2 protein chains.
Amino acid sequence: MTAASKPASLPLTERQEARRRRILHASAQLASRGGFEAVQMREVAESSGVALGTLYRYFPSKVHLLVATMQDQLQRLHETLRKRPPTEEEPSARVAQTLMRAFRAMQREPHLAEAMVRALTFADRSVSPEVDTVSRLTTAIILDAMGLPGSPTPAQLSAVRVIEHTWHSALITWLSGRASIAQVKIDIETVCRLIDLTNPN
Amino acid sequence: MTAASKPASLPLTERQEARRRRILHASAQLASRGGFEAVQMREVAESSGVALGTLYRYFPSKVHLLVATMQDQLQRLHETLRKRPPTEEEPSARVAQTLMRAFRAMQREPHLAEAMVRALTFADRSVSPEVDTVSRLTTAIILDAMGLPGSPTPAQLSAVRVIEHTWHSALITWLSGRASIAQVKIDIETVCRLIDLTNPN
DNA sequence: CGAGCCACTGGAACCTGTTGCACTTCAGCG
DNA sequence: CGCTGAAGTGCAACAGGTTCCAGTGGCTCG
């Protein structure tokens, strides 16, 4: 609910909506093949059948485009996860399980993951709103995974923030070949223990 | 000790050493003014009195250059911190205090910080060795701060890894204006509690 | 001293993100 | 129906990272 669809800032027509989708699809396609550097604006424009200028009207920069692509992918992931919630009991284990699932999804499309995550962390202030949307989506996924009865406490929100930080940074170290899959798993499990800390407190 | 000076991979002559320093100095200078985008290779070359080709011989890309700049700055920070170790008692508090000092140093040169951190997280596989050096330096700083009697346990090393992740990612959110200084402080303090978890365990 | 080698220089050239512009097309409105 | 302004097109141009190359200068080794 928080940041689902376009907030009606612009009531896109059908044709425009279709264009937007074609662009995002082309972006993901190219990213899947060759990662960040393979997503070239002229290529995206051509393979989505749109003029370069139009592409820039929809996404003011390559980073905007890739961050939007990430929003898109995250939304799908979120839905998938909703259908099959984690099976663990403890909130910390549930979150770890969920993140490991997401991680496995990324392992299936490492180039796409690389493109999106690189864009996300390279984004400067001009992309803040979009990056923030991604962040809220991620937070929503984690909170969902925790399966809390009520609304989260401030301490829990802090823990979630830190988990997100770790998640992004661990992904980067994996994508750049500086950490193994096993290492990422350990890191995720390590941070998730922070959640336990917020319970009896 | 771990990753201090150049590992004699190339025994640079004096003139070369001097050139290298001039380049790094110019890089930091330009970064301090306008951040990542202000560090332009042609500018760096000119203001360090070196041909563009030579600059590229020393640092094969802009990202390499900025990561090397970060190594340089981190080394200075490490020495500064050695002279004035944290005053807190608890390891977790000591680490938090140390990171907050580092954070304050970055607040003094936000553009420089932005340039270095952006480069660090944008780095691809070709920069892995250099990024790894930065990572080891950071680890060393944190372990120093903990003030352990013996060598760290695996659990402690995991905690340190997660702290590093959080540190980098929190910096990025701050640099891109998505988190306040206060928020970063909270995040750092939150992760540092992981260290306590490794003690009585 | 001369030959060979390697780092350094200056500058052109290339690639890709980004911008600007003149022109066409489309949707809504009188 | 025709008008009008926004949206889309095609293309040229610019910017900055990166590469290439033909020289040049200084060094060592014979």
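Keep in mind that this is a model prediction, so the values were computed, not measured. Residue numbers start from 1 in every chain, and the chains themselves are labelled A, B, ... in the order their sequence lines are given, proteins ahead of strands.
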Undergrad: Check whether the side chains of A/Arg178 and A/Ser176 place a donor and an acceptor atom closer than 3.5 Å, and report yes or no.
TA: yes
Undergrad: From D/dG17, C/dC8, C/dG17, pick the nucleotide closest to the side chain of B/Gln40?
TA: D/dG17
Undergrad: Nearest to the side chain of B/Val50, which nucleotide is it out of C/dG17, D/dT9, C/dT9?
TA: C/dT9
Undergrad: Indicate yes or no: does B/Arg21 engage B/Glu17 in a salt bridge with an N to O separation below 4.0 Å.
TA: yes
Undergrad: May I have the distance from B/Leu55 (atom CG) to D/dT18 (atom P), rounded to whole angstrom?
TA: 10 Å
Undergrad: Nearest whole Å is fine: how far is C/dT25 P from A/Gln16 CD?
TA: 18 Å
Undergrad: With a 3.5 Å distance limit and no angle check, can you tell me whether B/Lys62 reaches the backbone of B/Ala119 through a side-chain donor-acceptor pair?
TA: no
Undergrad: Within this structure, what is the CZ-to-C1' distance between B/Phe59 and C/dC8, rounded to whole angstrom?
TA: 16 Å
Undergrad: Hey, which sits more toward the 5' end of DNA chain D by its nearest nucleotide, B/Leu52 or B/Arg15?
TA: B/Leu52
Undergrad: NA contact type, A/Tyr58, heavy-atom cut-off 4.0 Å: base, sugar-phosphate, or nothing?
TA: sugar-phosphate
Undergrad: Starting at atom NE2 of B/His64, determine the distance to atom P of D/dT19, rounded to an integer number of angstrom.
TA: 11 Å
Undergrad: Base, sugar-phosphate alone, or nothing: which one does B/Val39 contact when heavy atoms must sit under 4.0 Å apart?
TA: sugar-phosphate
Undergrad: Using a heavy-atom cut-off of under 4.0 Å over every strand shown, decide if B/Arg42 touches base, sugar-phosphate, or nothing.
TA: base
Undergrad: How close or far is atom C1' of D/dA7 from atom CD of A/Glu14, stated in whole angstroms?
TA: 17 Å
Undergrad: A/Arg57 CZ to D/dT9 C1': how many Å, rounded?
TA: 11 Å
Undergrad: Any side-chain N or O of A/Thr54 under 4.0 Å from OP1/OP2 of D/dT9?
TA: yes
Undergrad: Nearest-Å distance, CZ (B/Arg20) to P (C/dC8)?
TA: 13 Å
Undergrad: Is it true that B/Glu46 and B/Arg42 have a side-chain N and a carboxylate O under 4.0 angstrom from each other?
TA: no
Undergrad: Closest to the B/Ala51 side chain: C/dT19, D/dT9, C/dG10?
TA: C/dG10
Undergrad: Looking at A/Lys185 and A/Glu189, does any basic side-chain N land under 4.0 Å from a carboxylate oxygen?
TA: yes
Undergrad: Given atom CD of B/Glu37 and atom P of D/dG16, what is their separation to the nearest angstrom?
TA: 9 Å
